[in-house]
Chemist: 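Just passing along the structure, written as structure tokens.
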2 protein chains.
Amino acid sequence: MTQLQRRKIPDAAIARLPIYLQILNNLAATNVLRFSSDELAALAGVNAAKVRKDLSYLGSYGTRGVGYEVTYLTHQIKRELGLMREWNVVVVGAGNLGCALAKFDGFLSRGFPVVAIVDNDPKKIGRTTSSLTVGDVNDLKNIVRDEKISIGVITTSSAASQAAADSLLDAGITSILNFAPVVLSTPSSVSVRNVDLGVELQILSYFEQMRFETGGKSENAPQLNTAGAR
Amino acid sequence: MTQLQRRKIPDAAIARLPIYLQILNNLAATNVLRFSSDELAALAGVNAAKVRKDLSYLGSYGTRGVGYEVTYLTHQIKRELGLMREWNVVVVGAGNLGCALAKFDGFLSRGFPVVAIVDNDPKKIGRTTSSLTVGDVNDLKNIVRDEKISIGVITTSSAASQAAADSLLDAGITSILNFAPVVLSTPSSVSVRNVDLGVELQILSYFEQMRFETGGKSENAPQLNTAGAR
DNA sequence: AGGGCTTAGTGCATTAATTCACAAAGTTAA
DNA sequence: TTAACTTTGTGAATTAATGCACTAAGCCCT
């Protein structure tokens with residue numbers, strides 16, 4: 001009733017904002033100043049009305065007859081998503097994937113510097129990978145405090161993932177990106193997003209098989225939307 | 001009308017089947033023979049009615065008063081998802097992420113062997129990574145044919161991703177898993193799933209910021225559901 | 001063989017997401 | 001100033017997904 005009701009943006013729209021942001025960055029890089037909902041829709045592969053509705057959750061930042069300004073809207077999306085600051089990340093699990101992610105510049109470039117990597121294997125602790133030394137998962141509490149870490153990324157084996165999550169929770173982390181193909185058990189106040197690469201392939205497999213069975217004249221492929229957690 | 005109407009399973013349900021499958025594998029590994037929709041729901045973190053409805057799309061494979069049989073249902077889900085066979089995978093882009101994925105046993109163990117990896121950089125072509133030699137992206141057509149590849153995984157830079165996709169399409173690939181933060185332009189008959197790690201973190205950032213602004217008494221975190229493609 | 005208990009399957013109400021379609025607001029040009 | 005044109009913002013219709021709550025089935029115990 002009061003305007004205290006924090007903007008409540010539908011989940012589906014939130015999942016699309018980062019994609020719009022990505023496209024706006026590309027537009028800015030090519031010196032585009034303005035765009036219409038039609039143009040953004042074409043680039044994002046979605047319906048123009050959806051784009052307008054999504055953007056309208058941020059406020060009324062377009063100009064009728066003209067469109068939206070790239071820089072201004074970029075700013076608004078970043079504000080909404082909490083991207084006006086950096087969020088430090090710790091990777092738990094210094095295997096292939098963990099080390100690759102620690103080096104991965106897609107994290108840093110989007111404002112999520114990986115400032116620490118830890119493992120529970122004494123053989124790995126102390127090794128250096130891309131300017132980070134692998135720490136001990138038992139020191140996580142201190143590391144999180146000292147490095148002001150907000151987000152934990154789990155790249156351990158399935159077997160170790162729940163323990164990794166528990167360590168993160170114990171260290172006060174409330175946002176987790178989980179690569180282990182396991183449904184983590186966490187308090188509902190914690191945000192967990194799962195990226196299960198096997199799941200992605202299995203979904204592709206379903207559509208691939210459909211094409212096979214229906215002799216290629218399949219329905220269209222799945223839609224853009226985004227994936228979840230908890 | 002005729003029973004020709006190929007089973008039409010809702011997208012949201014398809015995205016959950018791999019997760020159920022994962023859990024069933026764990027149950028089998030611990031010698032559990034049967035389970036109820038309640039139990040599976042608890043393990044998957046979803047509503048029991050949803051589990052029953054999802055499973056009912058496969059057919060009527062439960063027994064009232066008893067539950068579902070682990071092995072039988074596993075079989076049915078695999079059949080439905082097209083997992084009765086293996087699907088060969090090629091990784092395009094032999095950078096950090098690409099090489100990590102080529103080694104990643106989560107692919108092989110779920111029935112998606114990485115049988116080839118290619119790049120366009122002469123410096124990388126010819127190198128060996130985990131028993132695979134990096135091939136030339138220009139040979140993709142032959143490689144796909146010879147190795148009977150069904151799925152392409154794009155781990156190039158953003159700039160190179162569309163060219164990678166075009167090469168895959170040209171080689172006859174109809175299922176793509178794209179790690180580049182770019183909306184690929186592809187015919188609608190092709191299945192594309194995007195895994196944008198930056199997007200995942202940005203979504204977490206939103207909820208993290210919400211917690212910040214509302215003083216921690218935030219709404220619950222996002223739901224389980226899965227992510228998509230063009 | 002019958003009653004009580006458990007659990008799948010599903011119709012239906014509810015909620016969420018998408019899309020349509022149009023009025024409101026702005027631009028441009030004569 | 002006015003008319004023609006563009007494009008946003010949004011109410012309303014539509015479609016999809018979710019979850020309740022009940023019925024139908026099967027098991028187990030006495």
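Residue numbers begin at 1 in each chain, while the letters A, B, ... track the order of the sequences. Because the structure is predicted, anything quoted here is derived from the model rather than measured.
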Chemist: Using a heavy-atom cut-off of 4.0 Å across all strands, would you classify A:Ala12 as base, sugar-phosphate, or nothing?
Modeler: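 The answer is sugar-phosphate, as A:Ala12 gets under 4.0 Å only of primed atoms, P, OP1 or OP2.
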Chemist: Between B:Arg16 and B:Asp11, is the closest basic N to carboxylate O distance under 4.0 Å?
Modeler: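 Between B:Arg16 and B:Asp11 there is no salt bridge, as every charged N stays at least 4.0 Å from the carboxylate O atoms.
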Chemist: Counting only side-chain N and O atoms of A:Ser60, is one of them less than 4.0 Å from OP1 or OP2 of D:dG9?
Modeler: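 It does, given that an N or O in the side chain of A:Ser60 lies less than 4.0 Å from OP1 or OP2 of D:dG9.
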Chemist: Roughly, in whole Å, what's the span from CG in A:Asp38 to P in D:dT8?
Modeler: 7 Å
Chemist: Can you tell me the distance, in whole Å, between the OH atom of B:Tyr61 and the P atom of C:dT10?
Modeler: 12 Å
Chemist: Between B:Arg52 and A:Gly65, just flag the one whose closest nucleotide in DNA chain C comes earlier from the 5' side.
Modeler: B:Arg52
Chemist: Step by step, work out the side chain to side chain contact (heavy atoms under 4.5 Å, CB included) result for A:Gln202 and B:Leu21.
Modeler: CA-CA 10 Å; A:Gln202 289 174 359; B:Leu21 185 57; 4.1 Å; yes
Chemist: Examine D:dT7: is either OP1 or OP2 under 4.0 Å from a nitrogen or oxygen in the side chain of A:Ser36? Give yes or no.
Modeler: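 The answer is no; no side-chain N or O of A:Ser36 sits under 4.0 Å from OP1 or OP2.
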Chemist: Could you state the interatomic distance from CG (B:Asp166) to OG (B:Ser185), rounded to the nearest 0.5 Å?
Modeler: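 Result: 7.0 Å between the selected atoms.
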Chemist: Distance criterion of 3.5 Å, no angle test: do you see the side chain of B:Lys53 paired donor-to-acceptor with the base of C:dT10?
Modeler: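 Side chain to base: no pair present.
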Chemist: Can you tell me if B:Tyr68 touches the phosphate of C:dG9, counting only side-chain N or O atoms and a distance under 4.0 Å to OP1 or OP2?
Modeler: yes
Chemist: When you check the phosphate oxygens OP1 and OP2 of C:dA8, does a side-chain N or O of B:Thr63 lie under 4.0 Å from one of them?
Modeler: no
Chemist: Is a donor-acceptor pair below 3.5 Å formed from side chain A:Arg64 to base D:dT8, judging by atom type as modelled?
Modeler: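 Flag set: donor-acceptor pair detected.
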Chemist: Nearest whole angstrom, please: distance from the C1' of D:dA17 to the CD1 of B:Ile9.
Modeler: 15 Å
Chemist: What is the distance, rounded to the nearest whole Å, between atom CG of B:Asn47 and atom P of C:dA8?
Modeler: 13 Å
